[in-house]
Amino acid sequence: MSLPILDGGKDWPQVLLARATEGKLPDIEAAEAKGAWEAFRKATGELSPEVVLHTIAESGLRGRGGAGYPTGAKWRDCVTQPDPVHYVVANGFEADPGAQVDRTLMELDPQAVVEGTAIAAWVVGAEQAIIAVSSSAPVAAERLRVAVEEAEARGYVGGDADWRSLRIEVREVTGSFVVGEETVLLRALEGQRAQPDQRPPHPSRSGLWGKPTVVNNVKTLAAVPWIVAHGAGAYTSLGSAETPGTTLVQLGGVVRKPGVVEVPLGTTVRQILDGPGGSVQGSLKAVLVGGPTGGFLPPDGLDTPLTYEDLGQAGAVAGSGTLLALDESACLVEVATLMTRYLNDNACGKTIPCRIGTRRLAELGAGFCSGHVRPRDAELLSELAADVHDAALCGLEKDAANPLLSVMRYFAPEFEAHSVRGECPAGVCQPLSLAGAASS
Amino acid sequence: MSAATTPTPTPAGVSPLGKVVLALLAVVLAGALAFFLLWVTGVGPLAVDWIIETGDANIEILRFIAAATGVLLFTVPAAFVIIYMELKLIAQMNLRVGPDRTGPWGSLASLMAGLKVLSKEDFTPRGVDVPVYTLAPAVVFLASVMTLLVIPFAPGMAGYYMELGLLYFFAASGIGVVGLMMAGWSSFNKYSLLGGIRAAAAVISYELPLILGTFGVVLLAGTLNLGQIVENQAGWMWNWYAFQQPLALIIFFIAATAEAGRTPFDYTEADSELVAGFATEYSGMRFGFFFFAEYVNVFILSALTVTLFLGGYHTGVDIDPILGFLGVTTPVELGNIDPGSLGPWLLAIPFLVPPILVLAVSGLIWMVKSEWGIIKSLVVGFVLTNLLVGAAVSFWAIFSFEALLGLLVFFGKSFGLVALFVLMRATYPRVRIDQMANFAWKWLMPAALLNIFVTAGAIIIVREYFS
Amino acid sequence: MRTDRIPGLAIVKGMLFAVRQVFRPNLTVRYPEELNEISPRHRGRLILLYDEAGTLKCETCFQCAQACPIECIDMGGVDTRNRYHVHWGASEQYAERREESALRRSGRPVPDRTFDPFEPVDLGPLDEILAAGKYKPANALAMLESAQGVYGHLPVAALQHMAHQTGADYAALYGMATSYPHLHFEPPVGHIVRVCRCTQCTLLGGGRVLAAFREHLGTDVGGVSPDGAVRLDVTACGGTSSGSAYVEVDGEPLPKSSPEDAATIAAALRANVPQGEAA
């Protein structure tokens, strides 16, 4: 089941989904007619890796996987490593079970992903690249393989490519939520236990098999050919000044038009919901931004621009790029608790604050849901969340407490309704009607 | 695996046994050569004659030297046997096995203990009084050993027959106290000094009851000559002084336990209190000397008890009337065979008789035990023949030579008393030093004095009114 | 007789008692010719421990040998290709103990003396998989996935064999397999219920549906119901669910899911004879 591509309007540029066509996938000639592989030919033919790297850095492209690390800096770090062997890994794993943003991109325009990977490999000097796809997205994997074969036939990539040997492998990876994390993905590709590693050293210094590796989300890599073709200046003119460019967002929940849409960064959440989303059915209670590790925004917080810093300040994350609209029929405490419990079940267990801390957070949330609240539980939740965040080895742990914390921050009355009055405003939970008395 | 299993070649050379045999062979050849040379040149016979002449002239001195050497040589095996017996017997009483691995039934355990002690580093600590430190073990050891000179082991087999044998005995054993104090003082160690003083106090306290206990026997025997005292106990068992002086026996035995430093009076061995007491600073063979001296002391005190109270080397059975009744005379004679008259048959006997005997016995066994093969019967027959012949010879020897029987009886009794010492060690806890001193001065000494008075009174009464 | 009335009687009685002990059989066990009877569960045996999966807990980390003050622990072994010999300890005094962890690397089969906790399986297909993966522990994940494809799950015997052949630790393979939810250690069951836990499905009540399945199937996510009939697992709907949470039963999505239906579905699955039950 795939989601429709929403129309963002003529003000919103199409970078990632420029060539996306639903229905039968065009072959490489058709794609080339629309501009595929033009940037690659330009880069390898006329420019040097250093120039392209400079272009990327100038463009302000940041990682679209959720963390927003400047891509140019990441590539430069990898290039400057003394080890001659480099790798490029395209992270199309998309751990969030409720998101199919990356999958949509890979299904609709695999050539862009492959081209972006090839350019990245050419810039950092890698001879081997892996595009990691979740095994629950077989269509995307198949289309990517076909795209790679076509590119090889063209001589862009492959063992005896025109410019240098580059083998691109499309690898299907099966794993839990945590495999989306870059170091965990590398371990899974190596066939080891799916647990993250301490960073530093970052993968750009020591990644796959210990070699300098560039790990980028497929959305990031799909933007690279456009930047190379149109120049850094063209990219910086898109989006906002601090965070240029566009990203893909998936709308869900009680919006009228769920689907995937390409938005320029800096657009506010309200604009996205009201524009392509067709606004909300019923009365909006909250918007969950970023998936299971994201945060809830209240209706008056919807004017937060979609940038990494603004979302972070609001207590949410860009994450998997999902916006979930919730109406009055959803109990936020219950949803937040279930998210936390989901994260705990998917925790790898390497660090104890995450392994036990997220469990305790989920238990605290469940306590709020059921009304079994002790007087200082809210304070305990904040402290515990801070500890879990500080001890984080990976993004799951760092953002594990976001749902509960954001609910506590913006929707404290809902907590009180559960714990003090024994009511669930949404009518979902059945809390005890004990006025916050300390029960077992 | 890789080439780790190729056999290592045996080193070319002589095995250890071969080396020993070669050395012995060399010695024998050299000796034979020297002997031959001496014989041929005529020096040999002359030297031999001179030796015999001098020997005859000084037979007493020679005899004394031989006795002293024999006594010294005797102590070491005796100590080994006693140590082994103690280990094994106490183990049996503790439901244990004791030494089991070194030698058959652990019999080499004490020998190994001695070798171990010998192999330790022999040092002199700094600050000790070196001559005193070095001499102390020797004094203690010699004090014990010297007393063996006067003990009659068998009829005619005492080291030296002294008229004042008993006095000499106590004088010599008293020197041991000096040795203990020397050891304690010279060790340059407060605790050794304390241990030495304690040991000396214990020994001195019990010397009085020890000596006073023997006065009864001396009064009865009328002499200090140990040989004479034993002779007085010849004949039937009721002649033994044990039955005439029971109190003295008990006093003497208890005092002897303390003299020897045995439990329950073992202050010199009170490890948990003073490490090794006066012997703390000693190691190696010096410590071995103390160790040996203690066991020799045990033996000589038992030997003295046997001599004074338990009939010495007498069996306690007057065998002569019985033998006369049976018609057997001692020494048992093998008829009137003169070996010289046999002529060449003399050679035949050692070469023919043993094989014939072995074959006969083996044949018998082979016929009886049908499932055994010839080789097995031969081997068993050989062993059995040896045992039988040995038994016969021993029987003849015991009844021919009074000394042998006496020796056996004496050793049996002495080691029996040593076993009693060991039994006491296994059974009793250590008494406190003040309890021990109390007991010696307040109980044993008055009892010994009482014994003397009663004995003296009894003698006077008997002499006055019954003879 | 009263020992306190007759002086010296206690002393004599003591000695008689000691003499009597001489004639009692002694209690010494002459090791090593005789051995003490020890029960199989005796906690004092000087053996290496196995865990419930049948693997030796010893990892030849040499810590015990290093720590032993009298250096009586010895370990040794060679790696699978006989390249180097690992050794610690004075083997000439105590017999060298070649424990399984080191032996495993030498490729020699090790008899399991204590117990056999796992059933043997036909290792032929596994050998082919291992050969295809070139016996490299780096390809362990792929080899495990292939093994699960052949056996339906990961039997302990297969993991042991893989550990032996590749030289990787059993614990490493086992641990790595536990971190991937698609690798199972129990034999496959007849039915699988998959519930999506994405934010959209949670919004649509997925949490309650999942709780209902947990309760009626008697297992948590990733586990098998106690009667071994149904496995509860997760799936991903990609945010496309609408109306109710996305639930798949045996690969078929349910048109509508609710906590009330969960009970009936669970009962029906358990009553059903499971098709394609694992060997």
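All values derive from a computational prediction rather than experimental measurement. Hydrogens, waters and symmetry mates are skipped; everything else that's a heavy atom, side chains included, is used. Chain identifiers are assigned alphabetically (A, B, ...) following the order of the sequence lines, protein sequences preceding nucleic acid strands; residue numbering begins at 1 within each chain.
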Problem - Flag side-chain contact, heavy atom, 4.5 Å: B/Asn94 against C/Gln21 - result: no
Handout entry: Per-residue contact mode, C/Arg20 against chain B (heavy atom under 4.5 angstrom)
Key = neither
Problem - Under 3.5 Å: donor-acceptor pair, side chain of B/Tyr428, backbone of C/Ile11 - result: yes
Exercise for the section: Answer yes or no: does atom CD of C/Glu33 have more than 12 heavy-atom neighbours from other residues, nucleotides or ligands under 6.0 Å? Expected result: yes
Practice task
Would you please test C/Leu27 and B/Arg96 for side chain to side chain contact (heavy atoms under 4.5 Å, CB included) and show each step?
Solution key: CA-CA 6 Å; C/Leu27 305 172; B/Arg96 292 184 289 117; over 6 Å; no
Problem - Contact list for residues 79-111 of chain B, test ring pair (Phe, Tyr, Trp, His ring centres under 6.0 Å), sequence neighbours left out - result: B/Phe80-B/Phe292
Fill in the blank from the handout: The reported gap from CE in B/Met93 to CE in C/Met15 (rounded to nearest 0.5 angstrom) is 10.0 Å
Exercise for the section: Anything in residues 415-423 of chain B with a heavy-atom distance to chain C below 4.5 Å? Please list those residues in order. Expected result: B/Leu420, B/Leu423
Problem - Partner residues of C/Asp122 under the salt bridge (Lys or Arg N to Asp or Glu O under 4.0 Å) criterion, sequence neighbours left out - result: none
Handout entry: For B/Phe453, all residues meeting ring pair (Phe, Tyr, Trp, His ring centres under 6.0 Å), sequence neighbours excluded
Key = none
Exercise for the section: State, to 0.1 Å, how close C/Ala18 and B/Thr427 come at their nearest heavy-atom pair, and which atoms those are. Expected result: CB-OG1, 3.5 Å
